[in-house]
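As the structure is a computational prediction, the values presented were derived from the model and not from experiment. Reckoned from all heavy atoms, side chains included, excluding hydrogens, waters and symmetry mates.
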Amino acid sequence: MPSLKRFFQDHLRSHLPLILGGSLLLTLAGLCQGLMVTSLKFVFEENLGMAAPQAADNLALAAQAKAWLVAHLPASSVFRESTYLVPALIVTIFLVKGVFTYSGTLIMVRSGIRATQALRERLFAHFLGQEPAFFQQHPVGELLQRCITDVGAVQGIASNQLAEAVREVAIALAMLVTVLWMDWRLSLSLFIAFPLVVLPIRKLSRRIRNVNHRNMEATAGLLQRLKEVFANVRVVLGFAREDFEVARFHRQQHELFRLGMKSARASAMSHPIMEVVGGLLLAGLIIYASKAIQRGALSGPNFFTYLMAVYAFYDPIRRLTKLNNDVQQARASLDRIYGMLDRRSTLAVPADPVEVPRQPQVLCFEAVEFHYDPRHPVLQGIDLQVRRGETVALVGGSGGGKTTLVNLVPRFFDPTGGRVLLDGTDLRAFDPRELRRRIGVVTQETLLFMDSIHDNIAYGNPAPREAVVEAARRAQAHDFIAALPRGYDTPLAETGSSLSGGQRQRLAIARALLQDPPILILDEATSALDSESERAVQEALEILMRDRTTLVIAHRLSTVQRATRICVLKHGRLAEEGGHEQLLALGGEYARLHALQFREA
């Protein structure tokens, strides 16, 4: 189904009564345009004295309407004279047209903005419903392009440009009726020129749409480049690579310039096409009028009125061809938007999900396997059971599969082999969102939002201030929060960069404590901290881990010695399992890693 039709059915149809009402008002404004052009006949004949006694008059109805209006005016009224009546009629028509145009445009713009707001919210919610692998495949710049620029282009045609299109079509139809009424034979002969307009415009439309597809993709790449550079500005400055980044930016800008010029050349061609066709029509009308006036078949005032009507018919057609360029850009944007909306998450959501246990007792990995590429397995035959209250530490070298294993628990990924069970039920039987509400995650890189400290700890939870303060106390964060100028109402900088690493981690722990999840995942939560910060965070973590099912990933083996069990992953396999002293005595991979770390220390 064409994207424009889908957008109408999905989002504009619910606003159809308002759109029809606005269209009616704009149609009435178009009729006012026809009345205004017709009234020019009286300006030429009566106000300017260009009478035509013997010519056949096809506008007799307009003259009869004027005579009826004069007959119903008071005898002493100055408006019984054409000197005042015709200008007053023109002013009245302009005023009424302005009221109709304003009201109709406002109604249609409101409907269009509401429809595109719904589209943007739908797209945003769809993005958040995708699996994490989706965000690895689609850079942030591309997603921003879809949500902001592409939806913005659609908003243009759904609001202002839709109102403009209806207005121009209404005026064109009103003027078409007017010119047919004035001289239908001559008017029909003018339509011979239509193929000269329609065929080139259709070809240009396809070209504009194709170029704008590529233009938007290039813009998404540029947004991604800006995002990367600004996010990693310390690296850029630290390596003195400013000139390198400027040169790379220039190359991408040049590609945008090249595509922009292609689009501009295609868009600009529509104007000269309409100008040439208009010139041909005008030349034909002048030849026809000269001969008709000479033989007395056409009066000067009627010809000038007809000429103005033809121009008033031609002008909205010319503007509609220009509007077509914007429509083609919006079609390209809608194609990309629906390309995203048609994508389904690879994580299946059950039609009838099982309720997630409120206090699960056993988390079990049964023969779990996982791979991104079948030729390179990440996890192979993992069998592991974690009971409530246990803390299981996962250690091993980089690339061993630790993070991948814990990412299976909140269903960021599904295993490609085997099962992950919670109290005997496969995780795929649960609603992923309900499952994740039972899981708290504290990672090494804690990214906070540009919001107050209170809102960062609560994060979507309408918790009272007392509950937030209590969570902060238990996370060893209350003292430094209270020392800030505005306390819990202190706004944070982007990603929480106004706080130290230890402070950010303690806010993340407070957030997890407030959520009170029965399952906890700690992914190298203290690896980037100094000794003092690590000690404060470790105390907060010990409070957090009480009576919970906890999975801990740590490179520092000193932080996992008090775990219930330690599991060593090597090349995606569970190589060793046991307590700290037991694994040291075994003299295997754990002992090797332990000796290596403490020798370096």
Separation of [Y] [atom2] from [X] [atom1] (nearest 0.5 Å):
| X | Y | atom1 | atom2 | value |
| --- | --- | --- | --- | --- |
| R122 | L119 | CZ | CG | 7.0 Å |
| L448 | Q505 | CG | CD | 9.0 Å |
| E581 | L584 | CD | CG | 5.5 Å |
| L394 | L522 | CG | CG | 10.5 Å |
| Q130 | L347 | CD | CG | 9.0 Å |
| I509 | M545 | CD1 | CE | 9.0 Å |

Check the pair M340, H138 against side-chain contact (heavy atoms from CB on, under 4.5 Å), reporting the backbone distance first and the verdict last. CA-CA 10 Å; M340 287 290 188; H138 299 278; 3.6 Å; yes
Donor-acceptor contact below 3.5 Å, side chain [X] vs main chain [Y]:
| X | Y | answer |
| --- | --- | --- |
| Q503 | A477 | no |
| D383 | A367 | yes |
| D547 | G389 | no |
| Q380 | H571 | yes |
| K402 | G396 | yes |
| R344 | L341 | yes |
| R331 | L4 | no |
| E576 | Y590 | yes |
| D451 | N456 | no |
| E577 | R565 | no |

Kindly write out the residues that satisfy ring-ring contact (aromatic ring centres under 6.0 Å, His included) with [X], not counting sequence neighbours, or none if the list is empty.
| X | value |
| --- | --- |
| H478 | Y488 |
| F480 | none |
| F127 | F134 |
| H126 | none |

Taking all atoms of both residues into account, what is the closest heavy-atom pair of [X] and [Y], and its distance?
| X | Y | result |
| --- | --- | --- |
| P415 | V420 | CG-CG2, 4.3 Å |
| F430 | L435 | CD1-CD1, 4.2 Å |
| A475 | R506 | O-CG, 3.2 Å |
| G487 | I453 | O-CD1, 4.0 Å |
| T391 | V552 | CG2-CG2, 3.7 Å |
| S111 | L12 | O-CD2, 4.5 Å |

So do [Y] and [X] actually touch side chain to side chain, heavy atoms under 4.5 Å?
| X | Y | result |
| --- | --- | --- |
| F413 | T346 | no |
| C364 | R419 | no |
| R428 | R411 | yes |
| E369 | L379 | no |
| R225 | Q253 | no |
| S159 | T116 | no |
| T549 | P360 | no |
| V441 | D523 | no |

Please test D516 against R548 for salt bridge (charged side-chain N to carboxylate O under 4.0 Å, His left out), starting from the C-alpha separation and ending with a verdict. CA-CA 9 Å; D516 194 24; R548 303 181 199 275; 2.9 Å; yes
Using 30° and 60° as the class limits, which term best fits the ring planes of Y372 and F370: parallel, tilted or perpendicular?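 Ring orientation, 0 to 90° scale: perpendicular.
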Can you tell me how the ring of F449 sits relative to the ring of Y459, calling it parallel under 30°, perpendicular over 60° and tilted otherwise?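 Parallel, since the angle between the ring planes stays under 30°.
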Does atom CG of D243 have more than 12 heavy-atom neighbours, drawn from other residues, nucleotides or ligands, at distances under 6.0 Å?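 No, CG of D243 has 12 or fewer neighbouring heavy atoms, counting only those of other groups under 6.0 Å.
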Are more than 12 heavy atoms, taken from residues, nucleotides or ligands other than F257, located less than 6.0 Å from that residue's CZ atom?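 No, the 6.0 Å shell around CZ holds no more than 12 heavy atoms from other groups.
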Would V395 and L569 count as a side-chain contact (heavy atoms from CB on, under 4.5 Å) if you check the C-alpha gap in whole Å, the side-chain angles of each, and the deciding distance to 0.1 Å? CA-CA 6 Å; V395 301; L569 291 177; over 6 Å; no
L551 pairs by side chain to side chain contact (heavy atoms under 4.5 Å, CB included) with which of I519, I439, V409?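 The passing option is V409.
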D10 vs Y338, side-chain contact (heavy atoms from CB on, under 4.5 Å): CA-CA, chis, key distance, verdict: CA-CA 11 Å; D10 294 346; Y338 278 110; 3.0 Å; yes
Looking only at side-chain N and O atoms, does D489 offer a donor or acceptor that is under 3.5 Å from a partner on S452?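 Checked: S452/D489 side chains show no N/O donor-acceptor pair below 3.5 Å.
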Check salt bridge (charged side-chain N to carboxylate O under 4.0 Å, His left out) between R258 and all other residues, then give those that pass, not counting sequence neighbours.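 Once residues adjacent in sequence are excluded, the partners of R258 under the salt bridge (charged side-chain N to carboxylate O under 4.0 Å, His left out) criterion are E255.
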Is there a side-chain contact (heavy atoms from CB on, under 4.5 Å) between I481 and V469 once you walk through the steps? CA-CA 10 Å; I481 295 173; V469 171; over 6 Å; no
Please list, one pair per line, the donor and acceptor atoms closer than 3.5 Å that link side chains of residues 352-359 to other protein atoms, with sequence neighbours excluded.
unit_1, atom_1, unit_2, atom_2, d
Q359, OE1, R388, NH2, 3.2

Salt bridge (charged side-chain N to carboxylate O under 4.0 Å, His left out) between R433 and D431, worked out: CA-CA 6 Å; R433 294 178 63 187; D431 183 329; 5.7 Å; no
